[in-house]
Participant: 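One structure, pasted below without further comment.
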2 protein chains.
Amino acid sequence: MKKASKANSAAERQQEILTHLIEVGSSSLDDLAHRFDVSLMTVHRDLTTLSLQGMVVKHHGSVSIHSSNVFESNFEFRSLLAVEEKKRLAAVGAQEVHSGESVLLDDSTTASFLAPLLADLEPLTVITNGLSSIEQLKTLPGIRLITLGGEYYPKFNASFGLLCEQTIQNLKVDIAILSASAVDGIEAYVQDPAVTQIKRAMLNAARRTVLLVHSGKFGKTALHRLASLTDFDLVLIDHGLSPEHQRLLEEAGVNFRQVE
Amino acid sequence: MKKASKANSAAERQQEILTHLIEVGSSSLDDLAHRFDVSLMTVHRDLTTLSLQGMVVKHHGSVSIHSSNVFESNFEFRSLLAVEEKKRLAAVGAQEVHSGESVLLDDSTTASFLAPLLADLEPLTVITNGLSSIEQLKTLPGIRLITLGGEYYPKFNASFGLLCEQTIQNLKVDIAILSASAVDGIEAYVQDPAVTQIKRAMLNAARRTVLLVHSGKFGKTALHRLASLTDFDLVLIDHGLSPEHQRLLEEAGVNFRQVE
DNA sequence: AAAATATAACACCAAGGTGTTTTAATATGA
DNA sequence: TCATATTAAAACACCTTGGTGTTATATTTT
């Protein structure tokens, strides 16, 4: 069991509690107090804060994460999942980008982890519709940032729609780095039609395409098919991929690499 | 002389000190200590903080603002000037917007003050290229937010360029609310060509147009002519406008109003 | 009604911010 | 160049604030 690291601030502990709750679904207050080594009162206070933010729901003596469908696809929610794996994927993905190139990043959390790693590669042109990436890139000197506009979706913290698609159609970039919601067989899937539309446009606008995908997304499916893995020039996956899936990819001729 | 209002936090006082320094250019540490009613030591500490941020430069016994040309046109810099007047202008400007309409906001600091005031007017569609406005609007429920993409300019914390212009040309909105860098006679001027281009496109895309302009900008000029004040359906100015300018506007038939 | 859980009230503690005093560094004038 | 005055920095103590735990009171469950 992961020992709860000593939180040095209230906000941090609340984040840790939330992460823990996402993993286990729900918990008793007693257990949380013991696990994070604070009093019951403090747990109460933390959970009240989290529930005011709409992150959890309190019952009598227990809490559970607030898992409406809406929430589960929230940017804030997704950004808490498998953070370490995504960061490693992003780190390896960043190595595919070379100084002087133009890079297209999608709205995924994985891409937003990649953004700050591009600082060293200046001069560089980065194009993205993700607000999180934009916020990080705007502070980096030497990076030319092109923002993609469109209709803003809070669920993804990014802009989509016709306006966005048309803009992308006017671009041609060196490399596009995307993620996907699910992979079944050698097909990549995405939940939302608006997101699918933009990712497709991005793929068409790039000379090289890279897919970053967490192994936990394999064997699942989502509503919209984005592309085959063979359509990508490179697919990066973390080390948790099952042997069957590995064999499948090899047989299909997918150019993939497992990081670490 | 404006009495320095009691700051309730260190960061706030540092902001106030910076604002003061922007107004007066430079000052002795003694004067600052007296003016803000703190000890010399605290002034030292505040100024060290500000100089580490590159905002001011310390000399022996005095400070001056770090006024490179770059800095003077920075978004952060401009956003400190005449904050109160701009907020009042924004408040009155917000009254021109009606529930259910579509609103175009430019990249100005004045417009960014207007953004949070739109929360009550839902349902509402807001379209802007200013990151500051976007950040504020994205948290408001009931507001449909359309972001305008393009090449990001750190100087204005917003996106401009051909991509942005083309996007705007595909839009038609109820009302556009803009600001300008300077007004000479009845002509409104803007410093930067990229900004001018986008503001012009915004004017063309709107049925009603409103200009928010601080009285301190009258009698000055800037590189690019944006439009005549008569081209705007309404011009809002704070109460500091000189009688000569008032007469000039009246004679020219400008539909203007002085707030408060 | 009794047990369990939630909230409120209060006291305590740690951290950051401030002022005073002391010491170091820098500028000024002969 | 040196002595002196002025300013900067360091050290320390005080105060305020936000966070925490304990105890007491209220609420909910069973």
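Computed from heavy atoms alone, side chains included, the values below leave out hydrogens, waters and symmetry copies.
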Participant: Could you pull out all residues at least two apart from A:Tyr189 that satisfy ring pair (Phe, Tyr, Trp, His ring centres under 6.0 Å)?
Facilitator: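 Counting only residues at least two positions away or on another chain, A:Tyr189 forms no ring pair (Phe, Tyr, Trp, His ring centres under 6.0 Å).
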Participant: If the helix axis at each end comes from five base pairs, how far does the helix from C:dA1-D:dT30 to C:dA30-D:dT1 deviate from straight, to 10°?
Facilitator: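 Here the local axes at opposite ends form an angle of 30°.
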Participant: Can you name the residues that form a ring pair (Phe, Tyr, Trp, His ring centres under 6.0 Å) with B:Phe160, not counting sequence neighbours?
Facilitator: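 B:Tyr153, B:Phe156.
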Participant: Among all residues two or more places apart in sequence or in another chain, which pass the salt bridge (Lys or Arg N to Asp or Glu O under 4.0 Å) test with A:Lys58?
Facilitator: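 Salt bridge (Lys or Arg N to Asp or Glu O under 4.0 Å) check on A:Lys58 returns nothing, list empty.
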Participant: For each nucleotide in nucleotides 20-30 of chain D, reading 5' to 3', give B when a protein heavy atom comes within less than 4.0 Å of its base, S when such contact involves only the sugar-phosphate, and - otherwise.
Facilitator: BBB-----S--
Participant: Using the side-chain contact (heavy atoms from CB on, under 4.5 Å) criterion, which residues pair with B:Thr49? Sequence neighbours excluded.
Facilitator: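 B:Gln14, B:Gln53.
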Participant: With sequence neighbours excluded, what pairs up with A:Ser62 under the side-chain contact (heavy atoms from CB on, under 4.5 Å) test?
Facilitator: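 A:Ser62 satisfies side-chain contact (heavy atoms from CB on, under 4.5 Å) with A:His59 only.
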Participant: Under a criterion of less than 4.0 angstrom to any heavy atom of chain A, what are the 5'-terminal and 3'-terminal contacting nucleotides of DNA chain C?
Facilitator: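 Terminal contacting nucleotides, 5' to 3': C:dT5 to C:dA8.
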Participant: I'd like to check the salt bridge (Lys or Arg N to Asp or Glu O under 4.0 Å) partners of B:Asp31; sequence neighbours left out, ordered by chain and number.
Facilitator: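 Residues passing salt bridge (Lys or Arg N to Asp or Glu O under 4.0 Å) with B:Asp31: B:Arg35.
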Participant: List for me each residue that meets salt bridge (Lys or Arg N to Asp or Glu O under 4.0 Å) alongside B:Arg45, sequence neighbours excluded, and say none if there are none.
Facilitator: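 Applying salt bridge (Lys or Arg N to Asp or Glu O under 4.0 Å) to B:Arg45 gives none.
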Participant: Checking A:Ser242 now: which residues fulfil side-chain contact (heavy atoms from CB on, under 4.5 Å) with it, not counting sequence neighbours?
Facilitator: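 side-chain contact (heavy atoms from CB on, under 4.5 Å) check on A:Ser242 returns A:Glu244, A:His245.
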Participant: Is it the case that more than 12 heavy atoms not belonging to B:His34 sit under 6.0 Å from its NE2 atom?
Facilitator: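 Open.
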Participant: Run the side chain to side chain donor-acceptor pair (under 3.5 Å) test against A:Gln136 and tell me which residues pass, sequence neighbours left out.
Facilitator: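 So A:Gln136 forms no side chain to side chain donor-acceptor pair (under 3.5 Å) with any residue.
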